[in-house]
Amino acid sequence: MILNSLNEAQQEAVRAPLGHQLVLAGAGSGKTRVLTHRIAWLVEVEKISPFNILAVTFTNKAANEMRTRIESILHVSAKNMWIGTFHGLSHRFLRAHWQEAGLPQLFQILDSDDQFRMVRRVINALNLDEDKFPPKEAQWFINAQKEEGLEPHEVKPRDLNGQMFLKIYAAYKEACQRAGVIDFTDLLLKTYKTLLSNAELRAHYQSRFRCLLVDEFQDTNTLQYAWLKLFAGEENSVMIVGDDDQSIYGWRGAKIENLHRFSKDYPNAKVIRLEQNYRSTGTILKAANTLIAQNSGRMGKNLWTDGKDGDKITVYSGFNETDEAFFIVNRIRELHQTDYALKDMAILYRSNAQSRVLEEALMQFGIPYRVYGGLRYFDRQEIRDALAYLRIIANRADDPAFERIINTPTRGIGDRTITSIREHAKAANISLWDALEQLLKQNFFAARAETALLSFVNLISTMSDRALMLELDKKVEYMLNASGLIEHYRKEKGEKGLTRLENLEELVNAAHQFSQEGVEDDMPPLAAFLAYAALESGSEQAEAYTDCVQLMTLHSAKGLEFPVVFLAGCEEELFPHYLCMHDPKALEEERRLCYVGMTRAMRKLYMSYAEVRRMHGKEVYHRPSRFLHEIPVELIDEIRFRAKVSRPQPITNSYTPQSQGKFRIGQEVVHRIFGQGTVLETEGDGEDMKVKVRFAKVGTKVLIASYLEGK
DNA sequence: CGGGAAAAGCTTTTT
DNA sequence: GCTTTTCCCG
């Protein structure tokens with residue numbers, strides 16, 4: 001039976017009778033297992049049809065993983081099950097009910113960058129001063145209102161400033177409507193509002209979803225909670241899984257109180273605690289428990305393991321940040337030579353800026369590493385350009401896309417010309433595209449601008465005509481060439497242009513793969529692909545398997561685990577961050593962040609700090625983080641090197657990982673065009689050897705070895 | 001339109 | 001301080 005592998009608390013959660021359950025799942029307590037087994041149980045034992053189940057997560061990654069795992073446990077297809085992110089499921093809902101939601105059938109989704117541009121344009125159109133009303137703040141304001149479930153007419157401005165922001169919100173909303181686009185938060189808000197105002201639809205969905213499950217519930221915001229309650233209605237069972245101690249997204253609207261609110265709203269909800277930890281040593285858990293016990297208002301939870309206590313936690317006091325980095329790198333080297341693969345070790349830090357010193361140290365030692373959390377595929381400039389062309393093909397009214405490509409690649413359409421199009425669009429309350437066509441008819445433009453504009457209009461029309469006949473991937477390929485994007489980026493010199501071309505080529509592959517996998521919705525393939533690109537920002541390319549040390553922020557480490565964890569920069573002002581220090585609530589969130597970081601470690605945990613650190617250009621002295629003092633001293637092994645800063649030894653003799661052929665990881669090399677660099681990875685041998693090199697001037701690039709010279 | 005100089009950030013991030 | 005974005009001029 002499916003329960004064999006579960007402990008008692010886990011089984012209790014899986015077998016719970018229909019009704020409401022709150023599962024408090026500590027770090028490493030098998031939360032995903034419980035969720036997936038619960039769903040399997042519902043289907044196989046409670047005989048609930050997959051059709052009647054709704055499971056919500058926050059990231060696509062989590063949703064995909066859940067679906068895969070369920071399908072491997074279950075003997076029934078999970079196809080009919082609604083598993084996805086809040087945004088993904090809302091999108092599905094709105095595609096099915098666009099009429100009820102008052103949307104055009106082929107509405108497009110704005111990502112945050114599009115949203116930002118749109119907000120800025122609205123501010124300018126209202127003749128407001130960007131310095132007085134920064135687009136960033138306006139964007140934040142708009143999203144905050146939406147996350148409280150408020151449309152412009154429902155917002156009660158607090159002061160004069162708030163009134164202006166409200167005005168911007170209202171104008172932004174109109175602009176979105178005109179363009180037939182909706183932003184991320186709109187996906188949820190429109191779903192919520194539609195369901196709220198349409199009793200028939202509400203009844204339909206409430207009778208459909210008999211069982212609802214939510215993962216990472218501590219990260220839900222007000223709107224998501226309301227969304228969930230509306231889908232759940234009075235009758236259906238809801239299981240929420242979360243951990244108040246791992247709530248680290250309060251700053252972006254997550255309401256930890258939703259956990260308490262759930263117990264109030266559903267007083268019969270059964271509370272189940274998963275406290276047995278399968279990840280970390282006893283020592284790590286004891287330390288983490290003691291630390292988090294400092295927080296107030298917890299729901300209460302104490303992690304335990306029946307495993308060994310393991311090693312003490314190593315605390316290293318570095319002289320400065322470079323010394324700290326060298327300590328970490330030295331340890332990594334030692335551990336790599338004895339017991340651990342590089343990919344089993346992670347360096348976690350509070351803020352991205354910290355990665356540089358660490359990277360430099362790793363490079364000097366020739367240790368391959370990977371930094372997580374960079375620019376994702378669909379966020380890249382060239383990809384966004386390409387998608388904008390596709391969007392304009394799909395929907396001429398898509399103003400943000402129009403703005404993006406009207407002069408990209410440059411075709412001699414200047415700012416003044418665009419401004420007059422904008423003004424006409426605003427005055428006539430029509431899309432930029434329609435405004436352009438009208439103005440052309442009126443012979444509004446000077447001859448030179450007119451020629452350029454006509455060729456743009458022709459280009460888009462020809463493109464969409466020709467594209468009609470083509471398969472999705474051919475469509476993308478055709479567009480890339482016809483638009484001149486390929487040519488444009490080919491001209492971009494150096495490394496960047498080449499990478500961009502590769503990325504654009506990859507888009508054709510992505511489109512091909514997408515159409516192969518088949519779309520479930522009855523949407524045109526192009527529209528479906530665009531929605532996919534907007535919602536699935538594309539995990540940073542799944543690079544071929546390489547054994548690399550992993551670098552990431554504490555936030556992005558959530559949900560992951562590593563045998564060895566280095567928590568760098570444990571200093572006051574940095575961690576806890578100085579912007580959080582005077583707000584008790586924010587400080588508790590920092591502490592939870594520390595708790596999250598510590599509980600990522602399976603066997604070895606290192607925490608380090610620097611006495612002097614260069615920050616914002618100044619040398620600053622910080623005390624060790626208060627979090628270090630909140631760990632029982634008997635669990636800590638403290639190392640201090642006071643004598644002098646430990647410099648790295650030249651890597652030539654000390655460390656030669658996987659060195660084959662002519663080049664060695666860590667070796668300094670010279671390229672005729674790209675200049676000096678360091679070898680990061682090697683692949684193959686002899687003439688065919690491929691070498692990944694980080695160049696001082698142009699970034700990282702994979703090259704054939706014969707183009708390089710050793711130094 | 002593109003390159004260089006000046007100016008502005010500078011916590012954490014997913015959709 | 002360092003990096004990224006914006007701005008201005010040839």
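As the structure is a computational prediction, the values presented were derived from the model and not from experiment. Labels below follow one simple rule: chain letters A, B, ... track the order of the sequence lines, proteins then strands, and each chain is numbered from 1.
- The closest donor-acceptor contact from the side chain of Asp111(A) to the backbone of Ala534(A) lies at 3.5 Å or more, if one exists at all.
- Taking the side chain of Ser351(A) as heavy atoms from C-beta on, and the options dT13(B), dT11(B), dT15(B), the nearest nucleotide is dT11(B).
- A donor and an acceptor atom never sit less than 3.5 Å apart when one is taken from the side chain of Ser556(A) and the other from the base of dT13(B).
- At whole-Å resolution of the value, NE2 in His616(A) and P in dG9(B) are 14 Å apart.
- In this model, the phosphate group of dT11(B) is not approached by any side-chain N or O of Thr553(A) to a distance below 4.0 Å at OP1 or OP2.
- dT15(B) has no stacking from Phe58(A) on its base ring, since the centres under 5.5 angstrom apart and planes within 30 degrees of parallel are not both found.
- Distances from the side chain of Lys136(A) to the nucleotides dT14(B), dT13(B), dC10(B) place dC10(B) closest.
- Searching all strands for a Watson-Crick or G-U wobble partner of dT14(B) with both distances below 3.5 Å returns nothing.
- A donor-acceptor contact closer than 3.5 angstrom is absent between the side chains of Thr408(A) and Asp385(A).
- Protein chain A touches strand DNA chain C; the 5'-most and 3'-most nucleotides with an atom under 4.0 angstrom of its non-hydrogen atoms are dG1(C) to dT6(C).
- Ranking dT11(B), dT13(B), dT15(B) by closeness to the Ser112(A) side chain, first place goes to dT15(B).
- The side chain of His555(A) lies closest to dT13(B), out of dT13(B), dT11(B), dT15(B).
- Each of Arg384(A), Arg120(A), Arg121(A) was compared with Asp114(A) under the salt bridge (Lys or Arg N to Asp or Glu O under 4.0 Å) criterion, and only Arg384(A) meets it.
- Relative to the six-membered ring of Tyr249(A), Arg252(A) meets both conditions, a distance below 6.0 Å and an angle of at most 45° to the axis.
- Across dT12(B), dC10(B), dT15(B), the shortest atom-to-atom separation from the side chain of His87(A) is found for dT15(B).
- With both ends at atom C1', the span from dT13(B) to dC2(C) equals 23 Å, rounded to whole Å.
- To the nearest 0.5 Å, the span separating OG on Ser355(A) from CD on Glu360(A) amounts to 9.5 Å.
- dG10(C) and dC1(B) make up a base pair, with Watson-Crick or G-U wobble contacts both under 3.5 Å.
- In this model, the phosphate group of dT14(B) is not approached by any side-chain N or O of Asn221(A) to a distance below 4.0 Å at OP1 or OP2.
- Here the separation of dT12(B) from dT5(C), taken at their P atoms, is 15 Å to the nearest Å.
- With dC1(B), dT11(B), dT15(B) as the choices, the nucleotide that has an atom nearest any side-chain atom of Phe184(A) turns out to be dT15(B).
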